[in-house]
Amino acid sequence: MIRPDFFERDSVIVAKDLLGNFLVRKTQGETLRYKIIETEAYGDSKDLASHARHGQTARTKIMWDHPGTIYVYFTYGMHYMLNIVTGKKGIAGAVLIRGIEGCVGPGRLTKKLFIDKKLNGRLLGKKSGLWIEKGDDKRFKILTTPRIGIDYSGEWAKKLHRFVLQ
DNA sequence: GCGTCGATCTAC
DNA sequence: TAGATCGACGCG
């Protein structure tokens with residue numbers, strides 16, 4: 001199992017390093033385990049694509065919490081998004097888990113793994129039933145692209161903060 | 001209080 | 001290409 005200090009780094013580094021590891025979900029005695037194949041990095045208040053861009057609010061303050069904290073939010077009236085908080089406590093940052101093997105899209109991923117608002121603010125681990133396990137194979141190529149769905153963020157829309165396992 | 005719109009997905 | 005669907009956010 002990956003430890004919290006793995007997440008105590010810049011979100012861009014963590015997003016890249018998460019590829020190839022396994023997202024594990026345990027609910028009602030059933031354990032689901034999928035390889036992470038797509039992530040996006042979101043930064044602090046100067047990242048105009050990040051939820052942190054307007055400072056701390058009731059929803060987004062979790063981005064300033066301990067690294068390894070689960071940040072789940074509801075959007076478009078129907079989808080939950082799964083993020084892991086990165087960086088030291090007090091500095092905003094998160095990695096959006098956009099894709100796992102055999103599943104396309106961040107909204108479908110959370111549905112498949114029974115992830116909803118109840119996990120928001122919990123720490124990754126056996127207790128919350130959601131954690132990351134180290135992948136074995138590190139020999140793969142990583143595709144780097146701009147982030148999806150954040151065209152409003154001006155210059156920040158161009159940043160290559162999306163990572164896809166090839 | 002109220003209007004706007006989103007780190008999306010699906011069907012037409 | 002638009003509709004679903006709702007809560008966070010920002011303005012007043």
Among [options], the nucleotide that comes nearest once only the side chain of [X] is considered:
{"X": "Arg59(A)", "options": "dA7(B), dA8(C), dT10(B)", "answer": "dA8(C)"}
{"X": "Leu96(A)", "options": "dA7(B), dC9(C), dC6(C)", "answer": "dA7(B)"}
{"X": "His54(A)", "options": "dA7(B), dG6(B), dG10(C)", "answer": "dG10(C)"}
{"X": "Phe74(A)", "options": "dG7(C), dG10(C), dA7(B)", "answer": "dG7(C)"}

Distance, rounded to the nearest Å, where [X] contributes [atom1] and [N] contributes [atom2]:
{"X": "Asp116(A)", "N": "dG7(C)", "atom1": "CG", "atom2": "P", "result": "13 Å"}
{"X": "Arg53(A)", "N": "dA8(C)", "atom1": "CZ", "atom2": "C1'", "result": "11 Å"}
{"X": "Phe163(A)", "N": "dA7(B)", "atom1": "CZ", "atom2": "C1'", "result": "15 Å"}
{"X": "Ile62(A)", "N": "dA7(B)", "atom1": "CD1", "atom2": "P", "result": "16 Å"}
{"X": "Ile115(A)", "N": "dT8(B)", "atom1": "CD1", "atom2": "C1'", "result": "16 Å"}
{"X": "Tyr80(A)", "N": "dT5(C)", "atom1": "OH", "atom2": "P", "result": "14 Å"}
{"X": "Asp151(A)", "N": "dT8(B)", "atom1": "CG", "atom2": "P", "result": "10 Å"}
{"X": "Lys111(A)", "N": "dT5(C)", "atom1": "NZ", "atom2": "C1'", "result": "14 Å"}

Would you say that [X] contacts [Y] through its side chain, given a criterion of any heavy-atom pair below 4.5 Å between the two side chains?
{"X": "Ile150(A)", "Y": "Tyr42(A)", "value": "yes"}
{"X": "Thr144(A)", "Y": "Phe163(A)", "value": "yes"}
{"X": "Leu82(A)", "Y": "Leu113(A)", "value": "no"}

Item to check | Comparing Gly107(A) and Gly77(A) on DNA chain B - which has the more 5′ nearest nucleotide | outcome: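 Nearest-nucleotide comparison on DNA chain B picks Gly77(A).
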Item to check | Between dC5(B) and dA2(C) - C1' atom distance, rounded Å | outcome: 15 Å
Residue-phosphate contact under 4.0 Å: [X] side-chain N/O, [N] OP1/OP2:
{"X": "Arg98(A)", "N": "dT8(B)", "value": "yes"}
{"X": "Thr57(A)", "N": "dC9(C)", "value": "yes"}
{"X": "Arg108(A)", "N": "dT10(B)", "value": "yes"}

Checklist entry - Considering every strand shown, what is the Watson-Crick or G-U wobble mate of dT4(B) when both distances are under 3.5 Å? => result dA8(C)
Checklist entry - Starting at the 5' end of DNA chain C and moving along, which residue's nearest nucleotide shows up first, His51(A) or Met78(A)? => result Met78(A)
Checklist outcome for this item: side-chain contact (heavy atoms from CB on, under 4.5 Å) with Tyr71(A): of Val95(A), Leu96(A), Asp65(A), Asn83(A), only one passes, and it is Asn83(A)
Checklist entry - With no angle test and no hydrogens, is the base of dA7(B) tied to the side chain of His79(A) by a donor-acceptor pair under 3.5 Å? => result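 No, no donor-acceptor pair under 3.5 Å.
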Next on the checklist: Tell me if the side-chain of Tyr76(A) makes a donor-acceptor pair with the base of dA4(C), cut-off 3.5 Å, by modelled atom types.
Outcome noted: no
Next on the checklist: Using the side chain to side chain donor-acceptor pair (under 3.5 Å) definition, which of the options Glu40(A), Glu38(A), His161(A), Arg162(A) pairs with Thr145(A)?
Outcome noted: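 For Thr145(A), the side chain to side chain donor-acceptor pair (under 3.5 Å) test succeeds with only one of Glu40(A), Glu38(A), His161(A), Arg162(A), which is Arg162(A).
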Checklist entry - Taking the inter-plane angle between the rings of His51(A) and Tyr73(A) on a 0 to 90° scale, is it parallel (under 30°), tilted (30 to 60°) or perpendicular (over 60°)? => result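 Because their plane-to-plane angle is over 60°, the rings of His51(A) and Tyr73(A) count as perpendicular.
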Checklist entry - Using a cut-off of 4.0 Å on non-hydrogen atoms, how would the nucleic acid contact of Tyr42(A) be classed: base, sugar-phosphate, or nothing? => result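 Here Tyr42(A) touches the bases of the nucleic acid.
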